[in-house]
**Q** 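So that we are looking at the same thing, I have put the structure below in C-alpha cells.
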Protein chains: 2
Amino acid sequence: MKQNGSDNKLISGRLETAGVIPTAQRIAIYRYLLCEANHPTAEEIKTWADKNFPKLSLATVYNTLNVLIEANLLKEVKVPHEAKILYDSNISYHHHFLDEDSGELVDIPSELVEVTSTLAKEFQVHDIQVLMRGKRQKTRTQH
Amino acid sequence: MKQNGSDNKLISGRLETAGVIPTAQRIAIYRYLLCEANHPTAEEIKTWADKNFPKLSLATVYNTLNVLIEANLLKEVKVPHEAKILYDSNISYHHHFLDEDSGELVDIPSELVEVTSTLAKEFQVHDIQVLMRGKRQKTRTQH
DNA sequence: ATGATTGCAAATGATTTGCATCATA
DNA sequence: TATGATGCAAATCATTTGCAATCAT
C-alpha cells in the first residue's frame with residue numbers, strides 16, 4: 001500500500017531520466033518490478049496487474065517491458081529449460097543463483113563472485129554473467 | 001565426407017552407452033552436433049539434414065535433441081535476445097563467449113576462467129555457467 | 001490537433017504433441 | 001509381431017504486431 005504520490009514521483013522521475021514517458025501503466029509496472037517482484041515473468045506481472053491495476057492489457061505489459069529494456073532500465077534473463085523470459089530490474093553488475101528446487105532466481109552481488117579469465121587477447125569481453133545453479137539449504141530452526 | 005562405418009560405430013556406441021537406441025536419424029544428428037556444427041539451432045540441423053539426410057522431419061530433429069538432452073549427451077543454451085535454443089554437444093564443464101558481432105557462441109575451456117565465490121553457506125552450488133559477451137578482434141593479416 | 005500509448009484481437013514463430021505408419025529386433 | 005521411432009499435420013504457448021480508440025500535451 002505504499003502507492004503514494006512521492007513514490008510515483010520517484011519512479012516517474014527515473015522513467016523520464018531514461019527518456020521514457022511516464023504513463024500510469026508504465027509507472028505501475030516499473031514500481032512492481034522495482035519494489036515488489038523478484039524476476040517476474042510477463043504473466044506474473046499481468047496477474048498482479050489484474051488485481052492492482054485493472055484494465056492493463058497483456059500487450060501493454062510486453063510493450064512496457066520492451067520499452068524499459070530499450071531504455072536500459074531492465075534486463076531480460078533466459079534460464080535453460082524455462083520457457084518464459086524473466087525480467088530483472090537490477091541493472092547494476094551482478095550475478096545469479098538459480099534454486100533448482102523452487103526455480104527461484106536470486107541476485108548475487110558481484111563482490112561475492114570473482115571471475116578471472118585468461119582468454120586470448122582477441123576476445124574483448126564487455127560483460128560477464130555468471131549463473132550458479134544449486135539448492136538452497138533450509139535454514140535450521142533455532143531451538 | 002567422413003561418413004564411414006567406423007565413425008558410425010563410434011557414434012552409435014556412445015548413444016547405446018547412454019541408453020539411446022541408435023537409429024540412423026539419431027546417429028546423423030548426433031554426428032552433426034559432435035563433428036560439424038557449432039552450437040546449432042534446431043532449424044540449422046534441419047537445413048543440414050535436408051541436404052545430407054533427406055526425409056528427416058523437423059519433429060524428429062526436436063525429438064532427437066530432447067532425447068539426447070535426457071540422456072545427458074547434450075545441453076541446451078539460451079542466450080538473451082535470441083529466440084532459438086542453441087544446442088551444445090560439449091557436455092564437459094566449460095564456459096561460453098558470445099560474439100556480439102556475429103552472434104557466434106564460442107566454447108571457453110574451464111581452465112581459462114577461474115570463478116571464486118563466497119556465498120553464504122546456505123547456497124549449495126552444483127554448477128556454474130559463465131557467459132562472456134564481447135567482440136572478437138579481427139586477427140591482423142600478416143604482411 | 002498532434003503525436004504517443006493503450007488494448008484488443010489476430011498473427012507469428014519456435015517447439016511440442018497426437019496419431020498413423022514404418023522399421024527393426 | 002511387438003516395441004519403439006518417425007513423419008506429418010495440428011496444437012500449443014510465449015511473445016509480437018496491426019490498427020482503431022484513447023490520452024495528454
**Q** So, does A:Ser89 use its side chain to make a donor-acceptor pair with the main chain of A:Leu33 at under 3.5 Å?
**A** yes
**Q** Respond yes when some side-chain nitrogen or oxygen of A:Ser57 is under 4.0 Å from OP1 or OP2 of C:dC8, and no when none is.
**A** no
**Q** Provide, to the nearest angstrom, the distance between the NZ atom belonging to B:Lys55 and the P atom belonging to C:dT21.
**A**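 One finds 14 Å between P of C:dT21 and NZ of B:Lys55, rounded.
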**Q** Do you know which of A:Glu44, A:Glu76, A:Glu43 makes salt bridge (Lys or Arg N to Asp or Glu O under 4.0 Å) with A:Lys84?
**A**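 By the salt bridge (Lys or Arg N to Asp or Glu O under 4.0 Å) criterion, A:Lys84 pairs with just one of A:Glu44, A:Glu76, A:Glu43: A:Glu43.
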**Q** I'd like to know if the side chain of A:Thr60 reaches the main chain of A:Leu56, judged simply by a donor and an acceptor atom lying under 3.5 Å from each other, with no hydrogens or angles considered.
**A** no
**Q** In whole Å, what is the span from the NZ atom of B:Lys46 to the P atom of C:dT15?
**A** 14 Å
**Q** Charged N to carboxylate O below 4.0 Å: is that the case for A:Glu104 and A:Arg136?
**A**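 A salt bridge is present here (some side-chain N lies under 4.0 Å from a carboxylate O).
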**Q** Measure from CG on B:Leu56 to P on C:dC22 and round the result to the nearest Å.
**A** 17 Å
**Q** Fit a plane to each ring of B:Phe97 and A:Phe123, take the angle between them on a 0 to 90° scale, and name the class: parallel (under 30°), tilted (30 to 60°) or perpendicular (over 60°).
**A**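 The rings of B:Phe97 and A:Phe123 stand perpendicular, inter-plane angle above 60°.
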**Q** From CG of B:Leu65 over to C1' of D:dA5, roughly how many Å is that when rounded to an integer?
**A** 15 Å
**Q** In whole Å, what is the span from the CD1 atom of B:Ile21 to the P atom of D:dT3?
**A** 12 Å
**Q** Do any side-chain nitrogens or oxygens of A:Thr23 fall under 4.0 Å of OP1 or OP2 in C:dT6?
**A** yes
**Q** Can you tell me how the ring of B:His39 sits relative to the ring of B:His96, calling it parallel under 30°, perpendicular over 60° and tilted otherwise?
**A**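 Rings of B:His39 and B:His96: perpendicular, over 60°.
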**Q** With a 6.0 Å cut-off on the ring centroids, do A:Tyr93 and A:His95 count as close?
**A**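 So the answer is yes for these two rings.
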**Q** Can you check nucleotides 10-16 of chain D for protein contacts, nitrogen or oxygen pairs under 3.5 Å, and list what you find?
**A**
| residue | atom | partner | partner atom | Å |
| --- | --- | --- | --- | --- |
| D:dA14 | OP1 | A:Lys84 | NZ | 3.4 |
| D:dT15 | OP1 | A:Ile85 | N | 2.8 |
| D:dT15 | OP2 | A:Tyr62 | OH | 2.4 |
| D:dT15 | O5' | A:Tyr62 | OH | 3.3 |
| D:dT16 | OP2 | A:Asn66 | ND2 | 3.1 |

**Q** Check this for me: A:Glu82, atom CD, are more than 12 non-hydrogen atoms of other residues, nucleotides or ligands nearer than 6.0 Å?
**A**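 Counting neighbours around CD of A:Glu82, more than 12 heavy atoms of other residues, nucleotides or ligands fall under 6.0 Å, so yes.
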**Q** Between the protein and nucleotides 21-25 of chain D, list the N/O to N/O atom pairs that are separated by less than 3.5 angstrom.
**A**
none

**Q** Between A:Arg31 and A:Glu36, is there a salt bridge with N-O shorter than 4.0 Å?
**A** no
**Q** From CD of B:Glu70 over to C1' of D:dA5, roughly how many Å is that when rounded to an integer?
**A**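 Going from B:Glu70 (CD) to D:dA5 (C1'), I get 16 Å.
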**Q** In whole Å, what is the span from the CD atom of A:Gln25 to the P atom of C:dA4?
**A** 17 Å
**Q** Tell me the interatomic distance from A:Ile45, atom CD1, to C:dT6, atom P, rounded to whole angstroms.
**A** 14 Å
